[in-house]
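Shown next, in structure tokens, is the structure this report addresses.
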Amino acid sequence: MSTEELREEQQFVSGLYARLDALREEAEAAVQTSLSQVGNGLQARLERDVMVAEQSGLLAAFDAGENGLCFGRLEFRDGRDHHIGRIGIRASDDRRTPLVIDWRADVARPFYLATGHTPMGLRRRRHITTKGREVTALHDEILDLGDTTRTGHEAADADEVLLAALDSARTGRMHDIVRTIQAEQDRIIRAPHRGVLVVEGGPGTGKTVVALHRAAFLLYAHRELLAKRAVLIVGPNPAFLGYIGEVLPALGETGVLLSTVGELFPGVRATGTESPEAAEVKGRAEMADVLARAVRDRQRIPEPGEPLVIPHDDGDLILDWTIAYEARDAAREADVPHNLGRPYFAFRIIDALTGQLAERIGHDPYGGPNFLGPDDIAQLGKAIAASPEVHAAIEELWPTLTPQGFVADFLEEPTGLGEQDAEAIRRPRGAPWTAADIPLLDEAAELLGHDDSAERAAAEAERAKQIAYAQGVLDVSRASRTHEFEDKDEDDAEVLLAHNIIDAERMAERQEEADHRSAAERAAADRTWAFGHIIVDEAQELSAMAWRLLMRRCPTRSMTLVGDPAQTAEAGGCGSWENILRPYVEDRWEYTRLGVNYRTPVEIMDVAAEVPRAAGNPDFRPPSSVRSTGVRPWARRADDLAAAVADAVAAEARDEGRLAVIAPRDLHEGLAARLPGVAAGQAPDLTRPVVLIDPRQAKGLEFDTVLVVEPARYGTSDLYVALTRATQRLGILYAGELPGALTRVAATP
């Protein structure tokens with residue numbers, strides 16, 4: 001093996017890190033300099049804040065490049081030679097010569113797509129393995145078979161780097177695959193971002209990590225657009241989001257919001273749990289109509305013959321069925337959300353009561369015209385509009401509603417549902433919100449709307465104050481600059497002033513724009529935010545109501561949906577892509593499938609595949625596994641299940657890697673008592689050597705070793721998911737009977 005090649009690459013990588021350090025120091029110095037500047041002017045503060053934000057973003061990218069900064073090299077037949085890395089870095093020379101090319105650039109594509117049959121102009125492709133800043137190995141692939149030059153680092157197996165990455169121990173956090181992206185994955189990552197792209201794939205096909213790299217690519221290719229609108233990534237549960245949370249920062253991208261559906265209503269955290277039956281009812285598409293009818297039911301009118309009597313200094317006012325009915329019709333015809341319709345309703349009520357009072361006061365008993373003139377009637381109207389008693393009556397008939405209050409009332413006494421469904425979702429007021437409630441709250445917010453007229457009036461008043469202040473600043477500045485230019489002729493001075501001073505209104509606008517939270521931070525606090533792109537993982541699990549919420553968040557329908565209908569476990573899940581997308585984009589969506597299993601060894605996949613086959617899908621074909629460990633899964637019956645699990649954990653645990661015990665939730669307390677360092681009833685810490693989770697929590701995760709407990713208690717989808725989480729070893733423990741699909745598993749390890 002040539003040590004000269006290794007030495008040369010080490011020299012290059014060392015120089016690259018030196019440049020990275022210099023760039024980091026420059027960015028840090030720029031941040032410190034900007035923070036130390038004390039500017040009193042609005043423009044100075046704005047420029048300082050923008051500079052700090054920009055340089056802080058650069059620092060984040062530089063930190064991301066620290067680990068595995070350069071991982072590849074492309075040598076073209078025409079003499080071009082490019083190193084490939086996590087981020088692009090240029091030299092400090094006048095030409096800003098590229099030192100390393102960002103993996104997302106077009107010129108880097110041959111690193112992922114070139115083959116001996118289609119070399120894409122390459123002579124050689126080199127994989128560079130590093131540990132910290134040290135080059136530890138080189139793996140060369142010769143793509144120009146006519147080139148007889150050899151380096152001594154030619155790989156015996158073209159997939160050597162990939163297999164080494166797949167066989168490495170898990171850490172409890174998902175790693176990026178930027179060094180080992182495969183051709184089918186690269187095509188998905190770089191697909192156009194407009195429209196809906198569906199990526200289907202079975203267990204271990206890498207659909208999640210491909211989706212994350214797609215987010216990084218889109219932010220690179222469409223930076224200006226997506227940096228403003230942000231990218232939303234929706235995952236199935238908080239444990240999963242924690243598991244994938246380091247991938248994008250490792251790729252230099254932080255402008256992404258990771259969230260579950262249960263976290264997408266600002267100000268509300270879904271901490272409650274509920275039955276699958278309740279979640280299924282709440283997730284039905286018909287709930288949108290049920291809630292709409294419930295809102296209309298809150299727009300009441302008095303019963304005929306039972307008017308509301310409103311005390312007034314000039315005699316009681318009578319708000320009867322006729323007045324309220326006409327007012328309600330007028331408000332509904334406005335076709336605006338409930339709270340925005342209230343002013344229409346109130347205006348008609350006040351107008352009718354004013355007429356009633358004017359007739360009483362100004363009535364001519366001899367049949368002549370009313371004694372009151374227009375000004376008198378207007379004064380009566382103002383008095384009625386200011387009456388607390390009148391407002392109380394309007395509130396009783398057309399109340400101002402909040403999403404939280406309305407949905408809490410609805411769940412306390414559900415209406416518009418069958419008795420069984422109503423009983424499934426009924427709960428006392430004050431109960432904690434659940435994940436299935438969030439789409440209901442979002443739907444309610446759309447139905448109710450928000451009357452922001454008072455806020456807008458206050459904002460306009462504040463804006464007027466800012467403009468007045470800005471005008472004062474500009475007047476002082478203009479006077480100062482006029483004195484500065486007094487030695488110039490009048491026309492020249494006016495030109496200079498025009499180029500150097502903005503008007504007061506624009507200066508006020510700049511102050512308003514000085515919100516330097518990231519787009520993701522602002523989006524998290526704004527229910528009406530429109531994201532530039534949304535990526536949904538385990539998309540088949542989301543309910544119809546959850547999809548209504550997400551579609552509102554992305555009016556352009558720029559989405560990447562990843563999942564596997566064969567793994568649908570939630571009773572309210574839409575399952576098929578057609579069911580999900582037909583209401584929103586009809587058939588205008590693209591479908592692609594990942595068919596290679598990189599995670600699950602063939603020995604485990606052969607066992608797992610029997611589960612859907614035994615459940616009525618005899619032709620089921622799992623994704624093709626690229627790995628074989630030679631270790632067969634085992635199954636064992638035990639009378640003392642907790643003791644057997646503890647013994648198996650002790651036997652299977654390794655110095656490196658992670659082990660998961662997947663068991664029904666009601667067994668967790670007993671199992672945790674026998675497993676040191678493992679707690680029941682808490683969010684799992686996936687970085688610990690041993691974790692205890694249930695089948696639903698296991699979705700999207702992977703571990704070196706998995707112990708599946710009491711598999712007969714799982715549904716088909718949950719069992720299939722549980723069996724396919726292991727990258728190395730799988731054991732099955734049970735006290736009762738094995739499901740028929742698993743009877744062929746060996747009885748001993």
Side-chain angles (χ1 to χ4, degrees), residues 285-312 314-363 370 372 374 376-407 409-410 413-417 440-457 548 552:
E286 69 185 69
M287 286 300 298
D289 293 331
V290 170
L291 292 177
R293 289 194 297 270
V295 169
R296 289 175 70 89
D297 288 345
R298 300 297 296 272
Q299 300 164 0
R300 300 188 305 105
I301 58 178
E303 293 293 331
E306 299 179 11
L308 294 181
V309 179
I310 304 172
H312 191 270
D314 294 308
D316 292 344
L317 301 174
I318 306 301
L319 205 172
D320 60 15
W321 181 90
T322 301
I323 293 174
Y325 184 87
E326 291 176 351
R328 188 179 68 176
D329 259 14
R332 287 179 174 177
E333 285 176 4
D335 196 25
V336 294
H338 170 85
N339 289 331
L340 301 184
R342 177 186 163 106
Y344 293 90
F345 180 79
F347 175 82
R348 291 298 186 104
I349 295 294
I350 292 170
D351 191 51
L353 295 179
T354 300
Q356 184 183 116
L357 187 59
E359 178 63 22
R360 179 190 306 162
I361 295 176
H363 174 69
N370 195 292
L372 300 179
D376 299 320
I377 295 174
Q379 285 299 114
L380 288 179
K382 289 181 180 180
I384 289 176
S387 167
E389 292 79 11
V390 170
H391 280 282
I394 293 172
E395 178 67 20
E396 182 179 343
L397 298 179
W398 195 292
T400 300
L401 301 174
T402 66
Q404 291 94 322
F406 169 73
V407 174
D409 287 343
F410 172 79
E413 194 54 51
T415 58
L417 293 168
L440 303 187
L441 289 169
D442 197 72
E443 190 73 28
E446 291 292 311
L447 293 168
L448 299 177
H450 174 62
D451 184 359
D452 62 350
S453 55
E455 290 97 323
R456 284 189 284 108
R548 287 177 65 87
R552 290 190 192 103

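In what follows, every heavy atom counts, from backbone to side chain, and hydrogens, waters and symmetry copies are set aside.
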Flag side-chain contact, heavy atom, 4.5 Å: Ile349 against Trp398: no
Expected output: side-chain Gln404 to main-chain Leu441 donor-acceptor under 3.5 Å: no
With rounding to the nearest 0.5 Å, note down the distance linking CD1 in Ile384 to CG in Leu357. 5.0 Å
Heavy-atom nearest pair, Ile377 first then Thr354, reads O-CG2, 3.6 Å
Can any side-chain N or O of Arg348 pair as donor or acceptor with the backbone N or O of Ala331 at less than 3.5 Å? no
Closest heavy-atom pair and its distance - Gly381, Ile350: O-CG2, 4.1 Å
Minimal heavy-atom distance between Trp321 and Pro302, with the atoms involved, is CD1-O, 3.0 Å
Least distance between heavy atoms, Val290 atom then Gly416 atom: CG2-O, 3.9 Å
So how far is it from Leu291 CG to Asp297 CG, rounded to the nearest 0.5 Å? 11.0 Å
Evaluate Arg342 against His338 for side-chain contact (heavy atoms from CB on, under 4.5 Å), listing each step before the verdict. CA-CA 7 Å; Arg342 177 186 163 106; His338 170 85; 6.0 Å; no
Min side-chain heavy-atom separation Leu317-Glu389 under 4.5 Å: no
Spatial distance of atom CG (Leu397) from atom CZ (Phe345) [nearest 0.5 Å]: 4.5 Å
Within a strict 4.5 Å, meaning less than it, do heavy atoms of the Val390 and His312 side chains meet? no
Leu372 CG to Ile361 CD1 distance, which is reported to the nearest 0.5 Å: 6.5 Å
Run the numbers on Glu443 and Met287 for side-chain contact (heavy atoms from CB on, under 4.5 Å), then give the verdict. CA-CA 9 Å; Glu443 190 73 28; Met287 286 300 298; over 6 Å; no
Any non-hydrogen side-chain atom of His450 less than 4.5 Å from a side-chain atom of Asn339? no
Minimum side-chain heavy-atom gap Pro311-Asp316 below 4.5 Å: yes
Would you confirm whether Arg548, through its side chain, and Ala285, through its main-chain N or O, come within 3.5 Å as a donor-acceptor pair? no
Working to the nearest 0.5 Å, report the span between NE2 of His391 and CD1 of Ile310. 10.5 Å
Flag side-chain contact, heavy atom, 4.5 Å: Leu447 against Leu401: no
Can you see which heavy atom on Leu417 is nearest to which on Phe410, and at what distance? CD1-CZ, 4.3 Å
How long is the gap from CD1 on Ile318 to CD1 on Ile323, to the nearest 0.5 Å? 9.0 Å
Could you check whether Arg293 pairs with Glu286 (Lys NZ or Arg NE/NH1/NH2 to Asp/Glu carboxylate O, under 4.0 Å)? no
How about Phe406: does its CZ atom have over 12 heavy atoms from other parts shown lying under 6.0 Å from it? yes
